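As the structure is a computational prediction, the values presented were derived from the model and not from experiment. Just so you know, ligand 1 is whichever comes first in the structure, and atom 1 is the first atom listed for that ligand.
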Amino acid sequence: MSWPPTRAAGLERLEAFLPHAGDRYRRLRNFDFGADDRTNVSGLSPYLRCRLVREDEVLAAVLGRFAPSTAEKFIQEVYWRSYWKGWLEHHPSVWPDYLEQVRSLLAEAAADDALALRYHAATAGETGIAVFDAWARELTGTGYLHNHARMWFASIWIFTLKLPWQLGADFFLRHLLDGDPASNTLSWRWVAGLHTPGKHYLARPDNIGRFAARRVELSGADGLELLDTAASALEEQAAPPRIVPDWPSATLPAGGGRVGLLLGEDDLDLDLGVRPVAVAALPGAPRSPLPTGDAAAAFTAGAIDDALTRGRQRWGLGRADLLSLRAEDALAWARRESLDAVVACYAPVGPGADARARVRALLAQAGVPVHEVLRSHDRDAWPRATRGFFRLKKHIPALLGRLSR
Ligand SMILES: Cc1cc2nc3c(=O)[nH]c(=O)nc-3n(C[C@H](O)[C@H](O)[C@H](O)COP(=O)(O)OP(=O)(O)OC[C@H]3O[C@@H](n4cnc5c(N)ncnc54)[C@H](O)[C@@H]3O)c2cc1C
């Protein structure tokens, strides 16, 4: 499977997957058949991650083909993505705390030869657990892993190799094309037993042998007997504090003037209800103290470039600008284009939001307000993502009913 970083390629992927989104997905989605056979899953996550394709578009397309009950499993998976994003919005301190822990653990690894060796073996695919090593190489080589492989990998990393979960999450985030601060950080916490205290995910050789039989056949079963299938869940001193998020509304303030559209890596969809006189984008922000993997960085850069091209063509503009992460660059753009206001999609918790906050503050100081819009899919789903997924899940039928708004 390859992921050309364009909206056209994302829509093509959706079209090709649609016939499989019903019963076939329900029966086969948990199998990791290997990189050359991914027709049992959609492969849409890189496109959804930066909204080259939107969640509501995917859901509407699936509902155009199947009854909600037939595509129930696939629909639920798409809402898992919304759940993690909404949950992080309610517990935003998880993100900076995690980043800080990654920083200090990397410093620790630099000073501790034994930790450095184990960390290096795990990320280079040299642990001797053959199928784990194959997944490590697949991740760095392709930027994608099947969901079940992500679960097994994270579990082996934490409970068998006894490596800090934060360093594993960082390894994933740097290399995944779909690397997402919410889905990734919170899934690692879930595997570790921190999301639902006491409930952790233990990788078992028989389960891997069943759902990844072809992978094990190719890599060999070496090392599977080493898996720790009796480890206890990790614990933390206190659960992350919950806040009441202050999201912007879905509507834009009335008023004329020259409006610029500012895009970012979290949302590259052009439909925000404005007709801009200028379009610009912030580049992908650093995901880690370590560099982002080549494939992941190229995907984000290509996706942003695609959005700028679409924006320029759609509104017949002479140019569309890729800015830097320096807020001063955005101010220079606003001045050059004589903008009265800037419109942008709300940036969820993560590196993109940190970059956006600096831009918003500087533009506001200069008298150019940045109006952020929260898309209706997020506005409907996120408030339900305060505790466990099942609170959101029970609202899915009602949420689907609101899709066409
Ligand atoms: C440790 C770990 C780390 C992960 N890190 C990320 C990440 O950084 N970014 C990311 O997008 N997903 C992450 N996931 C979730 C999931 O593995 C991927 O979304 C999925 O494998 C993407 O492949 P697909 O598009 O073929 O999925 P499909 O099975 O076709 O699912 C359709 C869509 O639903 C969403 N989805 C499916 N499963 C999940 C899930 N468990 N959690 C959240 N959304 C889901 C995705 O947007 C996906 O594109 C992680 C899971 C684990 C266990």
Side-chain angles (χ1 to χ4, degrees), residues 1 3 10 13-14 16-18 20-22 24-33 35 37-59 61-62 71-88 95 98 135 138-139 142-158 165-195 200-201 203 265-266 287-288 292-293 296 299-300 348 350-351 377 381 385 389 392-393 396:
M1 208 185 250
W3 288 269
R13 170 66 48 83
L14 172 60
F17 173 70
L18 268 187
H20 308 304
R24 187 165 190 274
Y25 182 80
R26 182 187 62 74
R27 284 186 292 108
L28 299 181
R29 75 201 157 94
N30 281 328
F31 288 88
D32 180 0
F33 295 128
D37 183 359
R38 294 275 183 232
T39 59
N40 59 326
V41 289
S42 71
L44 282 168
S45 55
Y47 300 106
L48 286 167
R49 159 66 183 94
C50 57
R51 287 203 171 136
L52 281 176
V53 179
R54 298 190 316 268
E55 292 90 332
D56 59 309
E57 290 180 289
V58 170
L59 292 167
V62 167
E72 186 184 22
K73 275 294 161 204
F74 182 76
I75 291 168
Q76 278 173 12
E77 294 305 332
V78 175
Y79 276 105
W80 265 103
R81 170 172 173 73
S82 310
Y83 167 71
W84 290 131
K85 286 179 81 173
W87 197 92
L88 192 58
W95 173 249
Y98 151 81
W135 285 320
E138 182 183 353
L139 172 65
T142 69
Y144 180 85
L145 282 183
H146 182 277
N147 180 58
H148 221 159
R150 297 184 197 202
M151 291 162 63
W152 293 314
F153 188 98
S155 178
I156 295 170
W157 178 287
I158 298 167
W165 72 265
Q166 296 91 335
L167 291 185
D170 177 67
F171 177 51
F172 266 29
L173 193 64
R174 285 187 286 116
H175 288 286
L176 285 169
L177 303 187
D178 63 30
D180 180 280
S183 286
N184 188 59
T185 318
L186 301 178
S187 295
W188 275 84
R189 285 176 53 85
W190 176 85
V191 170
L194 298 171
H195 185 70
H200 57 319
Y201 178 78
E265 62 183 317
D266 292 303
R287 302 176 179 191
S288 157
T292 304
F299 184 87
T300 306
H377 176 85
F389 176 69
L392 171 63
K393 186 177 151 190
I396 291 178

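Taking every heavy atom of Leu44 and a limit of under 4.0 angstrom, the matching atoms of ligand 1 come to 25 (O), 49 (O). Within ligand 1, the atoms closer than 4.0 Å to a non-hydrogen atom of Leu48 are 47 (O), 49 (O), numbered from 1 in the order shown. For ligand 1, the atoms closer than 4.0 angstrom to any heavy atom of Trp84 are 42 (N), 43 (C). Near Gly179, with a cut-off below 4.0 Å to any heavy atom, the atoms of ligand 1 are 8 (O). Residue contact check: Tyr144 has heavy atoms under 4.0 Å from atoms 23 (O), 24 (P), 26 (O) of ligand 1. Numbered from 1 in the order shown, with element, the atoms of ligand 1 that lie under 4.0 Å from a heavy atom of Trp188 read 1 (C).
Ring centers of Trp152 and Trp135: under 6.0 Å apart, within the cut-off. In this structure, Phe299 has its ring center no closer than 6.0 Å to that of Tyr144.
The closest approach between Phe74 and ligand 1 falls below 4.0 Å for a heavy atom of the residue. For the pair Val191 and ligand 1, no heavy-atom separation below 4.0 Å is found. Heavy atoms of Met151 come nearer than 4.0 angstrom to ligand 1 in at least one pair. Put simply, no part of Tyr83 is less than 4.0 Å from ligand 1, judged by heavy atoms.
Between Trp80 and Tyr83, the ring planes lie perpendicular to each other; the angle is over 60°, past the 30° to 60° tilted range. Using cut-offs of 30° and 60° on the angle between ring planes, the pair Phe171 and Trp157 is parallel. Relative orientation of the His377 and Tyr79 rings is parallel, given thresholds of 30° and 60° on the angle between their planes. Tyr98 and Trp165 have parallel rings, their planes meeting at less than 30° on a 0 to 90° scale where 60° marks the start of perpendicular.
Side-chain N/O atoms of Thr39 and His20 include no donor and acceptor closer than 3.5 Å. Judged purely by distance below 3.5 Å, without hydrogens or angles, the side chains of Arg150 and Ser183 never pair a donor atom with an acceptor atom.
With Arg150, Arg29, Arg287 as candidates, the residue nearest to atom 20 (C) of ligand 1 on a non-hydrogen basis is Arg150. Nearest to atom 34 (O) of ligand 1 by heavy-atom distance, out of Lys85, Lys73, Glu77, is Glu77. Summarising the contacts of atom 12 (N) of ligand 1 with Ser187, Pro46, Ser183, Ser42, the nearest heavy atom is found in Ser183. The closest non-hydrogen atom to atom 44 (N) of ligand 1, taken over Arg81, Gln76, Arg189, comes from Arg81.
Residue contacts with ligand 1: Asn184 is placed with a nitrogen or oxygen under 3.5 Å of a nitrogen or oxygen of the ligand (distance criterion only). Residue-to-ligand polar distances place Gly43 within reach of ligand 1: an N/O pair is separated by less than 3.5 Å. Distances between N or O atoms of His146 and those of ligand 1 include no value under 3.5 Å. An N or O contact shorter than 3.5 Å links Tyr25 to ligand 1 by distance. Residue contacts with ligand 1: Ser45 is placed with a nitrogen or oxygen under 3.5 Å of a nitrogen or oxygen of the ligand (distance criterion only).
If you look at Trp190 next to ligand 1, there are no close heavy atoms at all, none under 4.0 Å. At a 4.0 Å heavy-atom cut-off, ligand 1 touches Asp178 through backbone and side chain alike. Residue-level proximity to ligand 1 for Phe172 is carried by the side chain, the only part with a heavy atom below 4.0 angstrom.
At the shortest separation from atom 8 (O) of ligand 1 among protein heavy atoms lies Asp180 N, 3.0 Å. In terms of protein heavy atoms, atom 17 (O) of ligand 1 is closest to Asn147 OD1, 2.7 Å.
Here CG of Asn40 is found 6.5 Å from CZ of Arg24. Values are rounded to the nearest 0.5 Å. For the atom pair CZ (Phe172) and CG (Asp178), the distance works out to 10.0 Å, reported to the nearest 0.5 Å. Rounded to the nearest 0.5 angstrom, Arg287 CZ and Thr292 OG1 are separated by 5.5 Å.
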Side chain to side chain contact (heavy atoms under 4.5 Å, CB included) between Arg13 and Trp3, worked out:
CA-CA 9 Å; Arg13 170 66 48 83; Trp3 288 269; 3.2 Å; yes
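Residues Ile158 and His200 fail the side-chain proximity criterion, which asks for heavy atoms closer than 4.5 Å.
When each of Arg38, His146, His148 is tested with Asp32 by the rule side-chain hydrogen bond (donor to acceptor under 3.5 Å, both in side chains), just one qualifies, namely Arg38.
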